[in-house]
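Worksheet: the structure to be examined is printed underneath.
These figures come from a predicted structure and were not determined experimentally. Note on naming: letters A, B, ... go to the chains in the order of the sequence lines (proteins, then strands), and numbering restarts at 1 for each one.
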Number of protein chains: 2
Amino acid sequence: MVRQREFDKEKALDKAMELFWEKGYAATSISDLTAIMGIQRPSLYATFGDKEKLFEAALRKYTNLHASLIRTKLQSTTSVKEAFRNLFEELIEEEYKNKVSKGCFCINTIVELAPHDEKFEILTREHEMYLSVIFQETLLKGIKSGELESNLDVKALAQTLVVALIGITVLLKSLPERSFVDKSVNLILSLIK
Amino acid sequence: MVRQREFDKEKALDKAMELFWEKGYAATSISDLTAIMGIQRPSLYATFGDKEKLFEAALRKYTNLHASLIRTKLQSTTSVKEAFRNLFEELIEEEYKNKVSKGCFCINTIVELAPHDEKFEILTREHEMYLSVIFQETLLKGIKSGELESNLDVKALAQTLVVALIGITVLLKSLPERSFVDKSVNLILSLIK
DNA sequence: CTCATATTATACCAATCAGTATATTTTGAT
DNA sequence: ATCAAAATATACTGATTGGTATAATATGAG
């Protein structure tokens, strides 16, 4: 069966992801999307359904990539403390380097859509919960290796690190002084004992 | 000089604030605004300039009200620890009570507009910095009264509490389990020694 | 080669967007 | 009473929105 698609579906979805990530749902038009995806309007609708379905596909792709990225970063060092420090510091470094700080696509969606659309409320919540599970596993590894104290409340600490990550990510978008975020990261990391 | 305005400018601005707060800048139309403000379209433009100016006026009103509210809450108890606990717990209570959680208008604006508009980057950053100053003053009061340890790093702690407040406020919009936020609030508050 | 099918490109749709022109009405000062 | 100034209500603007109809093109199966 017949004529094949001339564009790469995943590459087009990547482009859509980047744009939704940067501009949000409402501020991104179909014309913006087709321009950056390099496809015609009917191709977008035939391939991805409609604007909301495309957004959902882009967000799902993002959360998968993001979870893998976080997991990889946390496994890159034997020291768990060091791993978390690197995670936060690289996040900060990235945001100050880029011209326009896109932040986290999932967090942006929590703020813009979660309160008005149950589908995105669930999707974004589950991603944050998943991150806290990754954090828990990492902390447990640190306890087993003897690096961390065995009486740590792993669950509470992991959830607090998620809250802190969200707080830092959002605050970075307003470009606060570097020392502001550095100081709070230091204090938060001091909870990992 | 002549015919007087038939509507209350401040009440109309309040209504605009509520709507922008709930739906954000892009998703709120002028028609939505005139409907809820109870005024005609030309009255809106004559009184507030244009959509962006109205948004800015609404946000400025919000940040003023919000700062006063936070200051009042923190002064309501003699115990500083208790005051911060109440602040976080009332925030959580409010968000679970309301049907649609609007979160914090300033945080919503950081996410939606700060990266694309320097005016809002500055305005929102200054509000968050101001909150951290209020927190610092409160912590200093606690040290003076003998409630808190005198060797506390007040600045770092205040900034961390701002980060935590942002993180909690955002996460609440995805309606996580109550225990998730409760656990992290407990751990964060444990930093106030 | 032929035909069914899917993709493409162009052009279009009604609805809504932010913002305004116009004309009417209200008001206080003279 | 008259007139200038400001607020009102209605109706409109051109541009843009999300989404499609149509027709041309490409492709594998028979």
Side-chain angles (χ1 to χ4, degrees), chain A residues 1-60 105 108-109 112-113 116-120, chain B residues 1-60 105 108-109 112-113 116-120:
Chain A
M1 282 162 84
V2 295
R3 183 173 182 179
Q4 63 253 24
R5 204 182 277 122
E6 291 178 7
F7 63 92
D8 184 319
K9 184 176 172 178
E10 285 306 311
K11 282 184 183 167
L13 184 54
D14 278 339
K15 290 291 188 183
M17 182 184 77
E18 297 277 344
L19 198 61
F20 277 131
W21 184 357
E22 180 178 328
K23 310 214 315 171
Y25 180 80
T28 302
S29 73
I30 302 290
S31 299
D32 294 336
L33 287 164
T34 55
I36 210 167
M37 294 165 84
I39 65 178
Q40 299 301 326
R41 198 169 269 251
S43 298
L44 186 154
Y45 282 93
T47 310
F48 299 103
D50 59 13
K51 189 186 178 187
E52 191 184 307
K53 287 219 178 72
L54 174 59
F55 183 90
E56 186 183 340
L59 180 57
R60 286 189 187 279
F105 188 12
N108 298 351
T109 306
E112 185 183 8
L113 300 182
H116 312 100
D117 189 323
E118 198 185 1
K119 181 187 329 107
F120 294 112
Chain B
M1 282 163 82
V2 289
R3 185 174 182 179
Q4 64 252 26
R5 207 181 275 122
E6 289 179 7
F7 61 93
D8 183 320
K9 184 176 174 180
E10 285 307 310
K11 280 184 185 167
L13 184 54
D14 278 338
K15 290 292 187 181
M17 181 184 78
E18 298 276 345
L19 197 60
F20 277 131
W21 183 357
E22 180 179 328
K23 311 216 312 171
Y25 181 79
T28 302
S29 74
I30 301 290
S31 299
D32 294 336
L33 288 163
T34 54
I36 210 167
M37 294 166 83
I39 65 177
Q40 298 301 325
R41 198 169 270 250
S43 299
L44 186 153
Y45 282 94
T47 310
F48 299 102
D50 59 12
K51 189 186 178 186
E52 192 184 305
K53 287 219 179 71
L54 174 57
F55 183 89
E56 187 184 339
L59 180 58
R60 286 189 187 277
F105 188 13
N108 298 351
T109 305
E112 185 184 6
L113 301 182
H116 313 100
D117 189 322
E118 197 185 2
K119 180 186 332 106
F120 294 112

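At D:dA9, one or more side-chain N or O atoms of B:Q40 fall inside 4.0 Å of OP1 or OP2 (strictly under the cut-off). For the pair A:S43 and C:dT7, the criterion of a side-chain N or O lying under 4.0 Å from OP1 or OP2 is not met. Contact annotation: A:S29 side-chain N/O to D:dT16 OP1/OP2 distance is not under 4.0 Å.
The distance between atom CG of A:D50 and atom C1' of D:dT17, rounded to the nearest whole Å, is 14 Å. Rounding to whole angstrom units, CZ of residue B:F7 and C1' of D:dA6 are separated by 12 Å. One atom, CD of B:Q4, and another, C1' of D:dA7, lie 10 Å apart when rounded to the nearest Å.
Positionally, the nearest nucleotide of DNA chain C for B:A26 lies more toward the 5' end than for the other of B:A26 and B:P42. The nearest heavy atom of DNA chain C to B:S31 and to A:E6 marks one nucleotide each, and the one closer to the 5' end goes with A:E6.
Between B:N108 and B:Y25 the shortest side-chain heavy-atom distance does not fall below 4.5 Å. Here the side chains of B:K51 and B:S29 are not in contact, with every heavy-atom distance at 4.5 Å or above. Side-chain contact between A:D32 and A:K23 is present, with at least one heavy-atom pair separated by less than 4.5 Å. Residues B:L54 and B:M37 are in side-chain contact: their nearest non-hydrogen atoms beyond the backbone lie under 4.5 Å apart.
Nearest nucleotide to the side chain of A:K51, out of D:dG19, C:dG19, D:dG28: D:dG19. Listed nucleotides: D:dA7, D:dG18, C:dA18. Nearest to the side chain of B:I30: C:dA18.
With hydrogens and angles left out, the side chain of A:R5 and the base of C:dT7 share no donor-acceptor pair within 3.5 Å. Judged by distance alone with a 3.5 Å cut-off, no donor-acceptor contact links the side chain of A:R41 to the base of C:dA9. For a distance-only test at 3.5 Å, the side chain of B:R3 qualifies as a donor-acceptor partner of the base of D:dA7.
Within the 6.0 Å centre-distance limit, the rings of B:F120 and B:F55 are counted as a close aromatic pair.
Counting non-hydrogen atoms under 4.0 angstrom, A:T28 reaches the backbone sugars and phosphates but no base.
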